[in-house]
Q: 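After the structure tokens below, expect a handful of questions from me.
Chain identifiers are assigned alphabetically (A, B, ...) following the order of the sequence lines, protein sequences preceding nucleic acid strands; residue numbering begins at 1 within each chain. A quick note: this is a predicted structure, and the numbers were derived from the prediction, not measured.
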Amino acid sequence: MSAEIRAHLAELFTTALARVAPQQSAAVVEFERPKQAAHGDYSTSVALQLAKPLAKPPRAIAQSLVDALPPSAWLEAAEIAGPGFINLRLKPAAKQATVRAILAAGRTYGRAARPARQRVIVEFVSANPTGPLHVGHGRQAALGDAIAALLEAQGHTVHREFYYNDAGAQIENLAKSVQARAYELLGVAVPFPEDGYHGDYIREIAQGYLAAHGVAADDPHALEKAKARLDDLDAVRRFAVAALRAEQDRDLKAFGVAFDQYYLESSLYADGRVAKVVAALVAAGKTYEKDGALWLITTDFGDDKDRVMRKSDGTYTYFVPDVAYHVTKWERGFGKAINVQGSDHHGTVARVRAGLQALGIGIPEGYPDYVLHKMVTVMKGGAEMKISKRAGSYVTVRDLIDEVGRDAVRFFLVSRKAEAEFVFDIDLARSQSEENPVYYVQYAHARISSVLDQWRAAHPGELGGDAARLAEADLAPLTGARELALTARLGEYPDLVAQAARELAPHLVAFYLRELAGEFHSYYNAERFLVPELPLRLARLALAAAVRQVLANGLALLGVSAPEKM
RNA sequence: GCGCCCGUAGCUCAGUGGAUAGAGUAUUGGCCUCCGGAGCCAAGGGUCACAGGUUCGAAUCCUGUCGGGCGCGCCA
């Protein structure tokens, strides 16, 4: 709706501008929503911007423009204010139309009117299977899934992908840790790997491995039965990876996040893509040999030093398969790629992009896009929570879900800009009371549902009790200041979603929902819906139903439920 | 030392170059014979880290300084 209003206003001003200052008719007139209601529904500073080129006082320009505006069915008044702002007030009919549009569109309200049909891949979480997911992964999961949903709302075809390393040194380390714990369980003291994994889960996996091979710890012949199995490090590795992948999948499912594809780093070696990329880079003349290693000249592409691709021992550094992986994204037809990662990985950005550019195969310079997020600090009882029994040295996603529930975790983790450090206050998230923003928004949704239920009970048969049919209601009775402000807020939603998608910033949606819910709660407290007068009753219920629809649509983008009862 | 990000109310944080910088929370004081009080109304609380610059106009853009986080190995 707001897009139509903007287009309409732009047309009015373009016409006025052509009359007043034909030499400036190319100027683009921008409209913004003033912070203060007294400044109207929209305002433009075009007169201020034209003051210099036209060499006239801004207020005089504003006056000429206002005088030259063609008549409009939507525009109620244009007023000049302050140094030369033009404040525009819309007729109630323009705002009331928003309510009807929302009820007619239902779940699709907020989706782009003109879909941008691009194939986009969003890579997120990408945790290596060496332990349970930690809170950083949780932030990535919440962010990545919301970003993907936002892009879908803009009409893109979105592919959610999880990339993981199933073969490197860390995995080797995992296998050795499990092996050592298994020996311990059998009463054999073995040295624990220096950089081994210490969480309780390692012991569980070790137990699982023994059990899977029919070895019980109290069996006097356990050791001799198990030894061959335990010394098969490759088998231990496969077992451990499978166990941890299964656990991560359970956690992701509990978090409401699903992926279209899991991409294995090892497959890039197996299918020759890594070797192919190296050969292509050498052939492109972007490499050199030094100290027995092969280097990529990343400094040609903005990096601050060249990087080793192939170490002197003949193995590749991690970023080579990373480049090969991103080539597959391009070759799979994803014109846009977004990677959600912790900001501790920002060193890889320049390297991956440089590698892709050095190949010279037509991949755009900024490919892929990165959303880098800062660390999450978890607070509980006024102190930082640093450990969990299961994982050892870090707090897991599962810990958070167990503490405060999925909805609160997801809402909290997307309610901050990615690049801001984030303090997650467990006590705040857990309190089911007024200080919790998740429940505040959900409560507004449940409240409206309850009002609609009571409407059906009190006035059976009215519009068939169908909330969607409230779109048929005459909305002219909606003339109160709160009502018009609410409709204006509802009208902002599609623009807001578009902006959040453009900026890859789901926190904008979270803040919008907080504000919308707040305005609704105020309205609820000030007015009644189930009034005796039929036209007013239906008009207000239509407004409430529209609010509920937008709350539900917004919460869905964030992966948070919209309950009818709480 | 170099690079990236951040610095806004006691705390946690919003803030597309626009008008008097906003929420939540905390504190204080009010509101339920009435559709869900997980709610509402109100008050107090600010050197937008600091200093220059660009601009009709700067929390926002540029430069520098200070403070914090992260990254800078033939680790991933």
Side-chain angles (χ1 to χ4, degrees), chain A residues 30 32-36 38-39 43-45 48-49 51-52 57-58 81-85 87 128 130 165 168-171 195 265 290-295 303-305 307-319 321-322 342-350 372-375 377 379 412 415-425 428 431-444 446-455 457-458 495 499 502-503 507-508 510-512 514-515 517-518 520-531 540-541 544 565-566:
Chain A
E30 304 272 4
E32 58 186 49
R33 303 255 318 137
K35 289 177 216 161
Q36 293 171 62
H39 292 153
S43 85
T44 177
S45 59
L48 291 163
Q49 287 156 19
K52 200 163 206 180
F85 293 101
N87 293 336
N128 288 340
T130 54
N165 173 339
Q170 293 181 24
I171 301 292
D195 300 316
E265 184 185 14
K290 193 181 91 179
D291 304 335
L294 182 67
W295 298 66
D303 203 355
D304 51 1
K305 59 181 98 167
R307 306 290 171 176
V308 168
M309 294 171 62
R310 192 180 59 223
K311 298 179 264 182
S312 48
D313 67 4
T315 62
Y316 295 110
T317 55
Y318 73 95
F319 94 90
D322 231 22
S343 64
D344 53 337
H345 286 81
H346 78 247
T348 70
V349 174
L372 300 177
H373 70 85
K374 291 285 193 168
M375 309 305 281
T377 308
M379 299 292 289
F412 268 61
S415 63
R416 301 280 184 270
K417 280 184 299 206
E419 61 268 28
E421 283 165 45
F422 185 21
V423 177
F424 191 110
D425 186 336
L428 174 61
S431 65
Q432 297 194 6
S433 60
E434 66 269 24
E435 65 261 34
N436 188 322
V438 192
Y439 291 106
Y440 185 85
V441 174
Q442 291 182 322
Y443 182 52
R447 231 180 184 180
I448 296 168
S449 300
S450 170
V451 170
L452 291 172
D453 282 346
Q454 293 184 45
W455 165 55
D495 279 354
Q499 184 192 355
R502 194 167 56 243
E503 297 179 9
H507 75 278
L508 296 174
F511 277 89
Y512 172 86
R514 179 64 182 69
E515 283 177 36
F520 176 78
H521 284 309
S522 287
Y523 177 54
Y524 178 93
N525 214 258
E527 306 286 355
R528 293 185 58 77
F529 293 89
L530 301 177
V531 294
R540 285 184 174 169
L541 287 170
K565 288 187 167 57
M566 295 173 68

Q: Taking only the side-chain heavy atoms of A:Y443 (C-beta and beyond), determine which of B:rU12, B:rA14, B:rG36 contains the nearest atom.
A: B:rG36
Q: By nearest atom, which of the nucleotides B:rG68, B:rA76, B:rC35 is closest to the A:E421 side chain?
A: B:rG68
Q: Tell me which nucleotide, if any, is Watson-Crick or G-U wobble paired with B:rA23 when both distances must be under 3.5 Å.
A: B:rU12
Q: Taking the side chain of A:E32 as its heavy atoms from C-beta onward, which of B:rG18, B:rG36, B:rG71 lies nearest to it?
A: B:rG18
Q: Looking at A:N165 and A:N128, would you say the former's side chain and the latter's main chain have a donor-acceptor pair under 3.5 Å?
A: no
Q: Both distances below 3.5 Å, Watson-Crick or wobble geometry, any strand: find the nucleotide opposite B:rG67.
A: B:rC6
Q: Quote, to the nearest angstrom, the C1' distance that separates B:rC6 from B:rA49.
A: 12 Å
Q: Distance criterion of 3.5 Å, no angle test: do you see the side chain of A:Y439 paired donor-to-acceptor with the base of B:rA38?
A: no
Q: Between B:rC48 and B:rU60, how many Å separate the two P atoms, rounded to a whole number?
A: 10 Å
Q: On the 0 to 90° scale, with breaks at 30° and 60°, tag the A:Y523-A:F520 ring pair as parallel, tilted or perpendicular.
A: perpendicular
Q: Rounded to whole Å, please give me the gap between CD in A:Q170 and P in B:rA76.
A: 8 Å
Q: Using the P atoms only, state how far B:rC31 lies from B:rC13, rounded to an integer number of Å.
A: 35 Å
Q: Decide yes or no, distance alone: a donor-acceptor N/O pair under 3.5 angstrom between the base of B:rA19 and the side-chain of A:S45.
A: no
Q: Could you work out the separation of B:rC41 and B:rA23 based on their P atoms and round it to a whole Å?
A: 11 Å
Q: For nucleotides B:rU25 and B:rC66, find the distance between their P atoms and express it as a whole number of Å.
A: 39 Å
Q: Picking from B:rG24, B:rU16, B:rC35, which would you name as closest to the side chain of A:R514?
A: B:rG24
Q: Measure distances between side-chain N and O atoms of A:K52 and base N and O atoms of B:rC56, and say whether any donor-acceptor pair falls under 3.5 Å.
A: no
Q: Would the base of B:rA19 count as contacting A:N87 through its side chain, where contact means a donor and an acceptor less than 3.5 Å apart?
A: yes
Q: Could you check how far CE of A:M375 sits from P of B:rC6, rounded to whole Å?
A: 17 Å
Q: Of the nucleotides B:rA19, B:rG36, B:rC6, which one has an atom closest to the side chain of A:E419?
A: B:rC6
Q: Quick one: A:K417 NZ to B:rU60 P, roughly how many Å, whole number?
A: 13 Å
Q: Measure from the side chain of A:N525, starting at C-beta and using heavy atoms only, and say which of B:rC74, B:rC40, B:rC35 lies closest.
A: B:rC40
Q: If you check every side-chain atom of A:V451, which of B:rA76, B:rC35, B:rC40 has the closest atom?
A: B:rC35
Q: Compare the minimum distances between each of B:rG36, B:rA14, B:rC74 and the side chain of A:A446, then state the nucleotide with the smallest one.
A: B:rG36
Q: Where the side chain of A:Q454 is defined as all heavy atoms beyond and including C-beta, which of B:rC56, B:rC35, B:rU12 is the nearest nucleotide?
A: B:rC35
Q: Counting only Watson-Crick pairs (N1-N3 plus N6-O4 or O6-N4) and G-U wobbles (N1-O2, O6-N3), all under 3.5 Å, who is the partner of B:rC40?
A: B:rG30
Q: Spell out yes or no: do the side chain of A:H346 and the base of B:rG3 have one donor N/O and one acceptor N/O closer than 3.5 Å?
A: yes
Q: Return yes if the base of B:rC74 and the side-chain atoms of A:S312 contain a donor-acceptor N/O pair under 3.5 Å, otherwise no.
A: yes
Q: Between B:rG24 atom C1' and A:D425 atom CG, what is the distance in whole Å?
A: 12 Å
Q: Is any side-chain nitrogen or oxygen of A:S522 closer than 4.0 Å to OP1 or OP2 of B:rC41?
A: yes
Q: Starting at CZ of A:F412 and ending at P of B:rC13, how long is that distance when rounded to a whole Å?
A: 11 Å
Q: Across all strands shown, which nucleotide pairs with B:rU55 by Watson-Crick or G-U wobble geometry, both distances under 3.5 Å?
A: none
Q: Hey, are the side chains of A:Y443 and A:H521 touching, using non-hydrogen atoms and a 4.5 Å cut-off?
A: yes
